[in-house]
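See structure below.
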Amino acid sequence: MTLLRKPWIWAWIAAIVVYAATIAATAGASAAGLAQAAFTFAAFSVIVGLGQMFVITLGPGNVDLSIPATMTLAGTVSLKLMDTADAMALPGLAVALGIGAGVGFANYALIKALRIPPIIATLALSFVVQSAAIWTNRGLRIKPPETLAAFSTGNLWGIPNLAIVASLLTLAAWVLLERSAWGRRVTAIGQSLPAARRAGIAVHGVRLSAYVLCATLAGLCGFLLSCFSGGAALNMGAEYLLISIAVVVIGGSSVAGGNSNVPGIWGAALFLFLVVSMLNTYGFGAGPRMILTGLIIIAVILAASLRGPASRGM
Amino acid sequence: DTSDKRIALSNNYAGNSWRQAMLTSWETVTGPAVEAGIVAAADAFTTAENSATEQAAQIQNLILQGYDAIVLNAASPTALNGAVREACDAGVTVVSFDGIVTEPCAWRIAVDFREMGRVQVEYLADRLPEGGNLLEIRGLAGVFVDDEISAGIHAGVEQYPQFTIVGSVHGDWAQDVAQRAVAGILPSLPEIVGVVTQGGDGYGAAQAFQAAGRPMPIIIMGNRQDELLWWKEQKDASGYETMSVSIAPGVSTLAFWVAQQILDGREVPKDLVVPFLTITQDTLEANLETTPVGGVANVEYTLEDAVAVIEDAG
Amino acid sequence: MSDAPALLSVTDARLRFGEVTALDGVSLALRAGECLGLVGHNGAGKSTLVNVLNGGLALQGGSLRADGQPVRWDVAAARALGLRCVFQELSLCPNLTVAENARILHRGQFGLIWRAEARRLAKAALDAVFPGHGIDVRAQVASLALAQRQMVEIALAFAEAGPPPRLVILDEPTSSLDASIARQLLSHVRRFVAAGGSVVLISHILSEVLETATRIVVMKDGQVVADRPAAEFTPAGLVAAMGSTAQERRRAERGAAPAAAAPLVVHALPRGLPVRVAAGEVVGLTGLAGHGQTELLRALHDRLAPAWAAGRRPAVAYVAGDRRHDGILPLWSIRRNLTVSALSALTRRGLVDERAERAAAEAWRSRIGIRSPDLGLPILSLSGGNQQKVLFARALLAGAPLVLMDDPMRGVDVGTKQEVYGIIRAEAAAGRAFVWYSSEIEEMELCDRVYVFREGAAAAELAGAQITETAILEASFAGHPAEGAA
Amino acid sequence: MRPTADLIRLAVPFLALGALLAGVFWLQPRAMSYTGLNLLFNLAVPIALATLAQMFVIAVNDLDLSMGAFVSFAACVTATFLHDTPLLGALILFAAVAGYALLGVIIHLRGLPAIVVTLGMSFVWLGLAVMILPAPGGAAPGWLRALMTVRPPLLPMALAASILIALAAHLIMARSSLGVLIRGVGGNERSVARAGWSVLGAKAAAYALAGLFGVLAGMALVGLTTSADANIALRYTLLSIAGVILGGGEFVGGRVSAVGAVVGALTLTLAGSFLSFLRLSPDWQIGAQGAILILVLALRLGLDALERRGVRA
Ligand SMILES: Nc1ncnc2c1ncn2[C@@H]1O[C@H](COP(=O)(O)OP(=O)(O)OP(=O)(O)O)[C@@H](O)[C@H]1O
Ligand SMILES: Nc1ncnc2c1ncn2[C@@H]1O[C@H](COP(=O)(O)OP(=O)(O)OP(=O)(O)O)[C@@H](O)[C@H]1O
Ligand SMILES: [Mg+2]
Ligand SMILES: [Mg+2]
């Protein structure tokens, strides 16, 4: 029963229910294939979701809207640099991560120096980053090196490699959030920035590192996604703006900051992928499919509130 | 004589390779035209986000800047009518292409998107006389092009009732979105013999089929270089056969010349039609050769081509 | 006193929060024309009782009567009776102006054209309680100093609007007021009571209660342990009734001032004297509230606490005054709140050593007496005074050589205060330096040196035996007509 | 008199607007006319309305991620039902406003995070819009088209409408008791409840107002564009949030300004125009929009410093 009180359990329950409903449509024939697909694609959502979670934990108004543009720029530039040469795989990865970190620095520089709300700063910067991505090669789609393509689409004992990468990152994020002093500080800042400052936390350093971490993960995700899907496209990150926020909040982290959890991100990422699959499988048209997606999201959050601890009240 | 006339390109989206190719073609054709003194200016304008309202505002600004003609790839066939009307009232010539507008005062260079959908099924019927199950990949819900192509596909299926569409997903004209959507529905689908698409999504579908270990159906391609390359590889390896169809981005240059002709005083019918660009098993190699790596198969138009199109229509 | 039924009475009130018994059979009657002083240690249940009387908390046992009749008691019923409440935690809307807050607080009072009326009402209320207050009723509450906010809240509680005020409950109203303003309030309370009103005054400043109350009720661990006319109590008797073993403070406790020691920090202000602090010294900041003391502490903290990269050992620690705003971390447990400033020391290879954390927190719990069955409970489950103790413990646990304190004794009970004074002296003797702002002048007598602030600058410096209430008041008002000193 | 914090806060959007307008006039003197101003601003009217709608939600410390989808939905209803069967159309729009109020009630009663609920609702509104108009189309009701294209003397319609809208919203938000109550809930929900008000009612009212202004935004949009599609206003979600913030609003604490929000919306609209007058390379046009946004917000920097000095003195 205490499990039912965990904020993240509802995303997992929803994912499992939706999964069962989908394979029911084919009398179980699709179970393994669907699970594999779900874990593969959830991996991307998880990677950006983890970064977004640390940023959202920083408190109201903190959200990184530059994730899609960062993914695109990191994907385009690194693929262009590697130019299908296997030997360039590591430099390519380094460049993707470097671009992410750079965007993260720039994000926080704007937030700090100009004192503009993060939501606006990251949005504004994302336009600039997107332009840079267009400028670098005008959207030409270069193929990834053979080994990287094989790795990103491959499996290990039936588990998608990407899911393994995302799981390792999840574990690291969990340790960081729940066990490390840095995670404590991020959480403290999210509850009250002035109180955290007076408690002696180096608030700017911590916030900066959260933004850099988030953008770096976005860069990594862009790199993996473009290797996975055979090249970087200018609009390849677009979907991940909403997804990165949705997996965090559906996963049971508080949108007001200061109270986040990691397991929910996986549950929510699987859920978001599976819900679309389910509705596609049942043959819903675009309109009803979107309506049902929305209603199911609300139902999940409602169910969580009926059983979980009351979130209001001082 | 149009040497003192100024023409603007109003574009609502720059986030994919098709639009980038469109902008590049515009540059390569209008640059020399301006140098040669045929027109005084031919500037390209792009909105930050793909939205009709932002494009309407852009058109209003172009009116204010005193352009003599606006060449328009519209975000919506109807939502810009207000702004287009204002342009016409201000004496500005408006020529729409690809995304055309319904406002009667504007010219339209249309592609028969419906036919583009129908020929896909026709081709499949030719290849697979006994028919079978089809998967449909659609574009962005609520957009004119998506609705038209899909309507054409459904008309085709009615014409060749040996086919049934057993699944339909939205790929938003993006490889990675299509891949994600197909991977989600594929496990629950029966054997698929053909995939009908809207362009820009064929490679993603192929990747999803490959990852799921399913037999490769006939996937209609969309003239993207990576699609063509993949097709070529399959063709060389196993004699894979398919077709590819899409609209050539260079149609922007046709629209430019049409606008120039109208400004020059020529009588031009309001509705012109351009053929879509089809690539077949035989023309694959030739097209692949001329398509830039990572780009889109393209045709650019000259003044003479434009005059021919106008005369055909007249 | 009179045989008229009590305005409001509770009988055998019982209330539990989980494992904590906040009210354990409290019986109390409030009559017209009396000022009831309510005292008791931190966590005794005073604020909980206020919330019950106000209709905000439902009783789990016992009954409540209004004007002698049993009633369905809720916020609306309480307001209809004429009950007004000033809560321990400030509860104005900071984003609204003073006048708009008046609009919110007095619900049924206004018509469609309410703005001018609300301004008039707020101004009249402030003028009545705090003559010469200097508060613009069109100003946003957030732009007011803490003391001014408290003044507004108190004045609005006495305002003539809606059902006339018959019973006003003041939960630690003077905790952020300086002495002269507090005196204005207390005289207003006396006037109000003389005119037939009834007041409940909760305060840890016993002299205030003894001076103002007509009857005093002492609470201890959720029970009433004494209920007698005020005249029957002496200060010592009151402290004894509260069950506090603390002694009256002795000046002798003050350590020998390290007069010529090299200063740890010197902070120059644009005007006035530079503030210097040496290791092992307790430096007081005083003067009227809102004259730059808090700003000085903040500036010092901003200067000494790195905002980009913290070292392993903090150079400075801070005890917040406005605990709601820059003190507690509301979603966390008591333990996490207590250890947050000492994380670096409690970390092994980047990870928090939870065993060491537990041990450190437990040590401080017993040293400073935090009343809670489990430090894993949320910080908000603590009473106001106990929250303040956690903040104090947090600052000392941080291990910084310099501790800045912004009126840290707000709402802390007498017994604990004595213990905390002892801790401060002991830590100072061990070489730690304190900079201590307090709104209570007597506390300054525990300092080695004090700076008296006036208009944002340190106007005077007093040391050792020079530190007396008279000297401080003199320096505070120098250059002013003695408006508040009378 | 010393400028109050509120006034300084409000000065930011006005200054930004003035600076951009000066830039536009300098680049394109033709804009300095009745028609010019109308062309520059008329698409700002629906954005201003959507921004106000968002402002009501932000005032109670929530955030509405479905505003763009909702305005699209309202636009689709306006271009179809309201045009073909006005009574049914009005009924649907009314129901949509009621739906918004209900949303506020559910969010409050269950203590749900508004962001997630509105995220879900954005799919619902978009789905409904796609079902009403699977492809772009519909037509603006004649009276609406006429209303959005009137040419009042002296002041272009776009500016006159913006002023009227700002005034109306200001009266609701700053002058009426309801507005004080809504902001009070944003500032300190608990003390509002302690004073005997219904916080539930205040939240329902705030959401209903948001729904109402959202509907008006959809209608105004259709009046200008003459037709609708399901994706027509998706951008309004972010634009409306940016407008509120630019107008001096804050995400928490009930600090919002109606006049500021309208001016913020005008500023954002103008920022786009300013760029097209600069004639940048298409590669950098998108990026330049970001740069403008940053520059405009940087104005806050200087004024914030002023505000802080004001508070301290
Ligand atoms: N996101 C979009 N919004 C509006 N129209 C689009 C979008 N994407 C493509 N189109 C339109 O779809 C039609 C076909 O383009 P196509 O699908 O071939 O582009 P693409 O090759 O898919 O680009 P990419 O693969 O980079 O996404 C054109 O009319 C184009 O303008
Ligand atoms: N919401 C709550 N949840 C759990 N425990 C609570 C809650 N509110 C109060 N308590 C507990 O009830 C007891 C009485 O608290 P109360 O606030 O009434 O004390 P108090 O006498 O006002 O103390 P102080 O002088 O410090 O303000 C305390 O032990 C406190 O921890
Ligand atoms: Mg208390
Ligand atoms: Mg005091």
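Order of the sequence lines fixes the chain letters, A, B, ..., with proteins taken first and strands second; residue numbering starts at 1 for each chain.
- When side chains are defined from C-beta on, A:I298 does not count as touching D:V116, because their heavy atoms never get closer than 4.5 Å.
- A:P288 touches chain D through backbone and side chain together, each having a heavy atom under 4.5 Å away.
- Using a 4.5 Å cut-off between heavy atoms, D:V117 contacts chain A through both its backbone and its side chain.
- For chain D, the nearby part of A:I119 is the side chain; its heavy atoms alone come within less than 4.5 Å.
- With a 4.5 angstrom heavy-atom cutoff, D:I115 touches chain A only via side-chain atoms.
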Under 3.5 Å, which donor-acceptor pairs do the side chains of residues 237-246 of chain D form with other protein atoms, sequence neighbours left out?
residue: D:T237; atom: OG1; partner: D:G68; partner atom: N; Å: 2.8
residue: D:S240; atom: OG; partner: D:Q54; partner atom: NE2; Å: 3.1
residue: D:S240; atom: OG; partner: D:Y236; partner atom: O; Å: 2.8
residue: D:S240; atom: OG; partner: D:T237; partner atom: O; Å: 2.9

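- Nearest approach of D:G287 to A:V128, heavy atoms of both residues: O-CG2, 3.5 Å.
- At a 4.5 Å heavy-atom cutoff, the contact between A:I301 and chain D is made by backbone and side-chain atoms alike.
- For the set A:L292, A:I296, A:V249, the entry with the most heavy-atom pairs within less than 4.5 Å of chain D is A:V249.
- At a 4.5 Å heavy-atom cutoff, the contact between A:L65 and chain D is made by side-chain atoms alone.
- Looking at D:I106, only its side chain comes within 4.5 Å of chain A, counting heavy atoms on both sides.
- Heavy-atom neighbours of A:Y282 OH from other residues, nucleotides or ligands within 6.0 Å: above the threshold of 12.
- For A:F271, there are no ring-ring contact (aromatic ring centres under 6.0 Å, His included) partners at least two apart in sequence or on another chain.
- For the atom pair CD1 of D:I294 and CG of A:L123, the computed distance is 9.5 Å after rounding to the nearest 0.5 Å.
- The CG atom of A:L114 sits 8.5 Å away from the CG atom of D:L295 when rounded to the nearest 0.5 Å.
- Using a 4.5 Å cut-off between heavy atoms, A:A132 touches chain D through backbone and side chain atoms alike.
- In this structure, the side chains of A:M290 and D:V130 come closer than 4.5 Å at one or more pairs of heavy atoms.
- The CZ atom of A:R289 sits 11.0 Å away from the CZ atom of D:F123 when rounded to the nearest 0.5 Å.
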For this session: Could you walk me through whether A:I291 and D:W125 pass the side-chain contact (heavy atoms from CB on, under 4.5 Å) test, one step at a time?
Result: CA-CA 7 Å; A:I291 295 175; D:W125 298 125; over 6 Å; no
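- Counting all heavy atoms, side chain and backbone alike, D:F251 lies closest to A:P117 at CE1-CB, 4.0 Å.
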